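Right, one structure below, let's go through it.
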There are 2 protein chains.
Amino acid sequence: MTPTARTSTRPQPPEPAGLPEPLPEPAREDLRLETVLGALSDPLRLFIVRKLLLEREAFDHPCGWFGIDRPKSSLTHHFKALREAGVIRQRQYGLERRSHVRTDDLDARFPGLLDLVAAWTPVDADFPPRIRKGGTRAS
Amino acid sequence: MTPTARTSTRPQPPEPAGLPEPLPEPAREDLRLETVLGALSDPLRLFIVRKLLLEREAFDHPCGWFGIDRPKSSLTHHFKALREAGVIRQRQYGLERRSHVRTDDLDARFPGLLDLVAAWTPVDADFPPRIRKGGTRAS
DNA sequence: CGACCAGTACGACTTTACTCGAACTTAGCG
DNA sequence: CGCTAAGTTCGAGTAAAGTCGTACTGGTCG
């Protein structure tokens with residue numbers, strides 16, 4: 001089918017010279033290595049961060065963009081975990097909540113960590129299961 | 001130091017040209033980033049690995065050397081977790097089981113990771129609680 | 001207004017991890 | 001042999017995480 005790739009990259013809504021406020025997140029100096037490593041130790045979250053790092057485009061991405069075949073509530077859970085650990089920053093743009101990696105903060109506090117994540121090659125090429133139609137899955 | 005620093009570094013037992021076999025561990029090519037990060041996401045284990053990296057001496061260290069005030073069974077648990085994740089290698093020397101970080105394997109698979117861990121400065125300088133006398137704690 | 005859509009909140013369940021005591025194993029030593 | 005010491009194994013209790021369905025919220029657009 002794929003009549004309309006509704007969740008793929010499309011122009012950001014007008015940002016009237018000021019971005020929306022980021023959602024609550026730890027400050028750079030409060031980032032803790034154990035916490036960040038813990039956030040990255042989940043396969044799905046590692047996938048998300050890698051995808052953000054590797055397929056970086058000009059814009060942030062809503063969580064539907066990742067094409068992950070999991071219930072929406074699970075995605076919320078994992079994005080929240082990443083944000084609260086300080087790995088990603090999220091902003092609300094109308095309906096969607098867009099995410100990007102906090103590369104500046106992470107490079108400052110844990111230099112080399114993101115390069116490591118970006119350079120790593122996953123073992124399971126088919127992870128995670130991709131979107132299929134039907135069910136109560138993520139839109 | 002205390003009068004009887006029984007667990008501090010002392011000469012290794014004679015190794016008759018062949019080291020004891022390492023305990024079961026994943027091969028280099030089976031190391032998984034998620035697993036390694038998960039192993040390092042525990043504060044106590046991160047402390048252990050850091051201590052091994054920073055105070056590296058000529059010899060491997062038995063787990064009593066770390067001076068951690070926790071029950072012996074807890075230490076076994078954490079050292080086993082590190083070994084099964086592929087972070088450390090353990091060998092049996094008579095009574096004691098000595099550990100060292102698998103720097104070669106980790107640098108090969110995840111370059112920069114150990115430098116990151118070594119460079120990081122822990123927030124809590126008093127972690128973990130040090131040895132005190134009494135109780136059923138680690139000897 | 002009303003339908004729709006992205007995403008959240010909540011709650012239940014399951015799984016995993018951490019923590020610890022107690023009993024056991026094994027090596028070295030007198 | 002019998003003691004001590006280093007460490008394991010087992011089992012239980014508890015806390016944290018992952019999973020997912022259902023209901024809800026809040027923009028957007030006809």
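For the numbers below, each heavy atom of this structure counts, side chains included, while hydrogens, waters and symmetry mates do not. This is a predicted model, so every value here is computed, not measured. Per chain, numbering begins at 1; letters A, B, ... match sequence-line order.
- In this structure, E84(B) has no salt bridge (charged side-chain N to carboxylate O under 4.0 Å, His left out) partners at least two apart in sequence or on a different chain.
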Q.
Return a single string for nucleotides 24-30 of chain D, one symbol per nucleotide in 5' to 3' order, where B is base contact, S is sugar-phosphate-only contact and - is none, cutoff 4.0 angstrom on heavy atoms.
A. --BBS--
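- Nearest nucleotide to the side chain of R45(A), out of dC20(D), dG18(D), dC18(C): dG18(D).
- Looking at residues two or more places apart in sequence or on another chain, you find a side chain to side chain donor-acceptor pair (under 3.5 Å) between E34(A) and R32(A).
- With sequence neighbours left out, the side chain to side chain donor-acceptor pair (under 3.5 Å) criterion links R109(B) to no other residue.
- Checking dG21(C), dA6(D), dA9(C) against the side-chain heavy atoms of E96(B) singles out dA6(D) as nearest.
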Would you tabulate the side-chain donor-acceptor contacts of residues 20-27 of chain B under 3.5 Å, counting partners in other chains and residues two or more places apart, or write 'none'?
unit_1, atom_1, unit_2, atom_2, d
E25(B), OE1, R89(B), NE, 3.2
E25(B), OE2, R89(B), NE, 3.0
E25(B), OE2, R89(B), NH2, 2.8

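- Contact annotation for H77(B): base contact, defined as any heavy-atom pair under 4.0 Å involving a base atom.
- Between the NE2 atom of H78(A) and the C1' atom of dT19(D) there is a distance of 8 Å, rounded to whole Å.
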Q) Does the pair R97(B) and T76(B) meet the rule for a side-chain contact (heavy atoms from CB on, under 4.5 Å), with working shown? A) CA-CA 10 Å; R97(B) 181 166 292 194; T76(B) 299; over 6 Å; no
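- Judged by distance alone, with hydrogens and angles left aside, S74(A) brings no side-chain donor or acceptor close enough to the base of dG18(D) to form a pair under 3.5 Å.
- The CG-C1' distance, from L23(A) to dG7(C), rounds to 11 Å in whole Å.
- Between L31(B) and A85(B) the shortest heavy-atom distance is CD2-O, 3.8 Å.
- Here dG18(D) presents its P atom at 13 Å from CD of E34(B), a figure rounded to the nearest Å.
- Atom CH2 of W65(B) and atom C1' of dG7(D) are 18 Å apart (whole Å).
- Rounded to the nearest 0.5 Å, atoms NE2 (H77(B)) and CG (L44(B)) are 9.5 Å apart.
- A sub-4.0 Å separation between OP1 or OP2 of dT8(C) and a side-chain N or O of T76(A) is present.
- Atom CG of D42(A) is separated from atom C1' of dT16(C) by 12 Å (rounded to the nearest Å).
- Residue K80(B) contributes atom NZ, which lies 14 Å from atom C1' of dC18(C) at whole-angstrom precision.
- Listed nucleotides: dG21(D), dG21(C), dG7(C). Nearest to the side chain of P71(A): dG21(D).
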Q | Secondary-structure notation, DNA chain D, from Watson-Crick and G-U pairs under 3.5 angstrom (| other strand) | A | ||||||||||||||||||||||||||||||
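- In this structure a side-chain-to-backbone donor-acceptor pair under 3.5 Å is missing from R102(B) to V87(B).
- Between R97(B) and dA6(D), a side-chain N or O to OP1/OP2 separation shorter than 4.0 Å is absent.
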